[in-house]
Amino acid sequence: MPELPEVESIRNKFRLGSDDNPSLIGKHIRGVELLWARTLESPAPDEFSRRIVGQKIGEIGRRGKYLLFHLDDETLVIHLRMSGDLFYEPAATLVAKHHRLVLILDNGERLAFNDARKFGRVWLVNDPAAMLAHLGPEPFDEALTPEDFHQRLQQHHRQIKPLLLDQGFLAGVGNIYADEGLYLAKIHPLTRSDALTPEGAKRLLASLRHVLNEGIRRNGASIDWVYRGGDFQHHFQAYQRTGEPCNRCQTPIERIVVGQRGTHFCPQCQRE
DNA sequence: CACGAGACCTGTTCGC
DNA sequence: TGCGAACAGGTCTCGT
């Protein structure tokens, strides 16, 4: 799915608006079209429509990989999972293949949730903080110091890569940015979390923040047939570069499977 | 607690 | 060309 930088890019697209994409803030939700029932996690479709129609979109936020559309007195929470995306569409646009939930806005314009693989989920909740309470800290939270991060790493005895993907440990990092962050920090993906020194933890936190920032700066990554407008994919150092030379030492990048996820690293720069 | 397998899904690419 | 396998930005549940 979109990871933190992609979700942040989508958030900004709808918050700030652009040429072909007006800001959604201040628009009203006038109707609902649910095209794939399981996309709507809760409440049930009838209640969802009843509660959301008539509400005005306020601030648009993000927590980890969750998008938060704050409405008058509730919050629309969206998780794009692997293949989800959101599109603004003028009135009279044909309903595209893979649209799963369409919100009708003023004058027939629409906000469409498109998701080929149907893994994405939508909720309408009164208390978003409660439903997001399981998430770990935001990577950019200034309260998360290198010392705190090291201490949190010490509390587990796990391979570092799957731990970084654990949203309860740290919110927002996914497969791309975990590989890129570990590469930049020169840490092997199988390193035990509690084997990292304070210096290693500090380097890893700074590296994760750096690659996430680069991703946001480039509006995220667009890969395979899933295009999201960004171009960070042209700046990968490890992810999906199997067999290509490491940009630091020319050793071919290796691919292994860790926690059932493709994992890319430089066997020379990232020693176990 | 840590970890692997399987599930949920569709589409693209790879290998024979 | 054709066809099945492998793979894809995520997360949940279950069994060991």
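We use all heavy atoms of the structure for the numbers below, so side chains are in, but hydrogens, waters and symmetry mates are not. Throughout, protein chains are lettered first and strands after them, A, B, ... in sequence-line order, and every chain is numbered starting at 1.
- Distances shown here put a side-chain N or O of His156(A) below 4.0 Å from the OP1 or OP2 atom of dA2(B).
- In terms of phosphate contacts, Arg117(A) brings no side-chain nitrogen or oxygen within less than 4.0 Å of OP1 or OP2 of dC8(B).
- Remark: the separation of the P atoms in dA6(C) and dG6(B) is 13 Å, to the nearest Å.
- For Gln260(A) against dA5(B), a side-chain N or O and a base N or O form a donor-acceptor pair under 3.5 Å.
- Remark: Arg218(A) engages Glu214(A) in a salt bridge, criterion side-chain N to carboxylate O under 4.0 Å.
- Residues Trp36(A) and Arg158(A) both approach DNA chain B. Their nearest nucleotides, taken by heavy-atom distance, put Arg158(A) toward the 5′ side.
- The side-chain tip of Arg110(A) does not point at the ring of Tyr88(A) from less than 6.0 angstrom away and within 45° of straight on.
- Nucleotides dG2(C) and dC9(B) have their C1' atoms positioned 24 Å apart, rounded to a whole Å.
- A distance of about 22 Å separates the C1' atoms of dA8(C) and dC3(B), rounded to the whole Å.
- Comparing Asp224(A) and Gln155(A), the nucleotide of DNA chain B nearest to each residue sits closer to the 5' end for Gln155(A).
- Closest contact between the side chain of Arg192(A) and the listed nucleotides dA8(C), dG10(C), dC3(B) involves dC3(B).
- Proximity of Lys65(A) to the phosphate of dG10(C): a side-chain N or O atom is located under 4.0 Å from OP1 or OP2.
- Cation-pi check for Arg15(A) over Phe69(A) is not met; the charged atom does not lie both under 6.0 angstrom from the ring centroid and within 45 degrees of its normal.
- Of the listed nucleotides (dA8(C), dG11(B), dG10(C)), dG10(C) has the atom at the smallest distance from the side chain of His79(A).
- The side chain of Lys118(A) contributes no N or O atom lying less than 4.0 Å from OP1 or OP2 of dC8(B).
- A distance cut-off of 5.5 Å between ring centres, combined with a plane angle under 30°, places Phe119(A) in a stacking arrangement with the base of dC8(B).
- The side chain of Tyr239(A) places an N or O atom within less than 4.0 Å of a non-bridging phosphate oxygen (OP1 or OP2) of dG9(C).
- Taking 4.0 angstrom as the limit, Arg261(A) places a side-chain polar atom (N or O) nearer than this to OP1 or OP2 of dG10(C).
- Here His98(A) reaches the OP1 or OP2 of dG11(B): one of its side-chain N or O atoms lies under 4.0 Å away.
- Rounded to a whole Å, the CD atom of Gln167(A) is 14 Å from the P atom of dG9(C).
- Side-chain nitrogen and oxygen atoms of Arg121(A) include none within less than 4.0 Å of the OP1 or OP2 phosphate oxygen of dG10(C).
- Ring centers of Phe113(A) and His99(A): at least 6.0 Å apart, outside the cut-off.
- Taking the P atom of each, dC12(C) and dG11(B) are spaced 25 Å apart, rounded to whole Å.
- Arg255(A) places its CZ atom 8 Å from the P atom of dG9(C), with the value rounded to the nearest Å.
- The aromatic rings of Tyr66(A) and His79(A) sit perpendicular, their planes meeting at an angle over 60°, well past the 30° parallel limit.
- Look at CD on Gln240(A): it is 7 Å from P on dA8(C), rounded to the nearest Å.
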